[in-house]
Amino acid sequence: MEFEAALATTTDARGVFGAPLTYVEETGSTNDLAMRAADAGAPEGATFVAGAQRAGRGRLGRTWFSPPGAGLYVSVVLRNPAVAPWITLAGGVAVAEGVRQATGLPVEIKWPNDVVAVTGGAFERRRKLAGVLTEASTGADGLQYIVLGFGINLRPAAFPPELADRATSIETELGRAVEPGPVLASVLTALNGAVRDGLADAANVLLPRWRALSPSVSGAAIEWDTPGGVRRGVTAGLAPDGALLARSAQGTERIRSGEVRWA
């Protein structure tokens, strides 16, 4: 397996993540693989990687473009219910920090879960190269497990027309080849640290790490949909529960979900 050497050098730093690791050449969705395995008793940290996905999915029901040989498509099982309120933020931190550590590419986070490459001197052009999706299973006893999925565009691909001007890859941005093993190992190592920080003190340890990776969370012009129509304003930080704060003509508002469009 192409990941073995990189994972072997990060065993202690990764904690439980990546052990065991299951790789398949192609699947419908790694999140579905992980959820079926979790239903069958897969432990905390069990990790599933695919070379391609036929039905990869992203936030708001979107499809995640997952062609063969172009990306890392990964899902991880978590079983501690205490991580639920902030695990998506921890996933964003892990992917951004892992990509930075493995490749040197100074990616940033765009709320809530996009990892983007920044072109130019300001945050004018944000081209997405990774995303995070969390899904959970609950039962009579409450939350049973969470699956944290992430897709990272490693190599150039023929993106569909609707994505061509908004998506990019690590190799496109760097102008050189990147091996998937070190990227995966770095992301899982960063995930172990992010989960540890979240469990220790999410508000004072994890969230500052997220904010440092997301300069657009303050002072960026945005618009978003509300029941009363489109609202326009300026980002004003991140609330302790992960909501995006925005100042508009109506005052400071909290955005928990839905589509946010960045000017």
Which is it for W262 and K110 under the side chain to side chain contact (heavy atoms under 4.5 Å, CB included) test, yes or no, and what are the steps along the way?
CA-CA 9 Å; W262 305 71; K110 180 168 73 68; 3.6 Å; yes

Within a reach of under 6.0 Å around [atom1] of [X], are more than 12 heavy atoms found that belong to other residues, nucleotides or ligands?
{"X": "E44", "atom1": "CD", "answer": "yes"}
{"X": "E26", "atom1": "CD", "answer": "yes"}
{"X": "D12", "atom1": "CG", "answer": "no"}

Would a distance-only check, ignoring hydrogens and angles, find a side-chain to backbone donor-acceptor pair under 3.5 Å from [X] to [Y]?
{"X": "T103", "Y": "R100", "result": "no"}
{"X": "D114", "Y": "K128", "result": "no"}
{"X": "S186", "Y": "P182", "result": "yes"}
{"X": "D197", "Y": "V205", "result": "no"}
{"X": "R155", "Y": "A177", "result": "no"}
{"X": "T226", "Y": "G229", "result": "yes"}

Evaluate the side chain to side chain contact (heavy atoms under 4.5 Å, CB included) criterion for residues V260 and W111: first the C-alpha distance (whole Å), next the side-chain angles of each, then the deciding distance (0.1 Å), finally the verdict.
CA-CA 8 Å; V260 174; W111 185 92; 3.6 Å; yes

Without hydrogens or angle criteria, can the side chains of [X] and [Y] be said to hold a donor-acceptor pair below 3.5 Å?
{"X": "S169", "Y": "E171", "value": "no"}
{"X": "S75", "Y": "N31", "value": "yes"}
{"X": "S137", "Y": "Q144", "value": "no"}
{"X": "S218", "Y": "T235", "value": "no"}

Pair R231 + E223, salt bridge at N-O below 4.0 Å
no

How would you list all residue pairs meeting salt bridge (Lys or Arg N to Asp or Glu O under 4.0 Å) that involve residues 241-250, not counting sequence neighbours?
D241-R254, D241-R256

Spatial distance of atom [atom1] ([X]) from atom [atom2] ([Y]) [nearest 0.5 Å]:
{"X": "L213", "Y": "I109", "atom1": "CG", "atom2": "CD1", "value": "4.5 Å"}
{"X": "R209", "Y": "N204", "atom1": "CZ", "atom2": "CG", "value": "14.0 Å"}
{"X": "T27", "Y": "E25", "atom1": "OG1", "atom2": "CD", "value": "11.5 Å"}
{"X": "E4", "Y": "Y23", "atom1": "CD", "atom2": "OH", "value": "12.5 Å"}
{"X": "I152", "Y": "L184", "atom1": "CD1", "atom2": "CG", "value": "8.0 Å"}
{"X": "W210", "Y": "L89", "atom1": "CH2", "atom2": "CG", "value": "6.5 Å"}

Determine whether [X] and [Y] fall in the same hydrophobic cluster, where Ile, Leu, Val, Met, Phe, Trp and Tyr are linked whenever their side-chain heavy atoms lie under 4.5 Å apart.
{"X": "V132", "Y": "V77", "result": "no"}
{"X": "L148", "Y": "M35", "result": "no"}
{"X": "Y145", "Y": "L21", "result": "no"}
{"X": "W86", "Y": "L78", "result": "yes"}
{"X": "I222", "Y": "V115", "result": "yes"}

Side-chain heavy-atom pair [X], [Y] within 4.5 angstrom cut-off:
{"X": "E108", "Y": "P215", "result": "yes"}
{"X": "L188", "Y": "L7", "result": "yes"}
{"X": "V230", "Y": "R261", "result": "yes"}
{"X": "V49", "Y": "T22", "result": "no"}

Which heavy atom of [X] sits nearest a heavy atom of [Y], and at what distance?
{"X": "L238", "Y": "R211", "answer": "O-NH2, 2.9 Å"}
{"X": "V83", "Y": "I146", "answer": "CG2-CD1, 3.7 Å"}
{"X": "P85", "Y": "A82", "answer": "CD-O, 3.4 Å"}
{"X": "L129", "Y": "A117", "answer": "CD2-CB, 4.1 Å"}
{"X": "S248", "Y": "R232", "answer": "CB-O, 3.3 Å"}
{"X": "P180", "Y": "L154", "answer": "CB-CD1, 3.5 Å"}

Criterion side chain to side chain contact (heavy atoms under 4.5 Å, CB included) on T189 and E97, from CA distance to verdict
CA-CA 9 Å; T189 296; E97 289 186 348; over 6 Å; no

Can D32 and F48 be said to form a side chain to side chain contact (heavy atoms under 4.5 Å, CB included), step by step?
CA-CA 10 Å; D32 290 342; F48 299 82; over 6 Å; no

Check V93, L133, N113 against T88 for a side-chain contact (heavy atoms from CB on, under 4.5 Å) and give me the one that passes.
N113

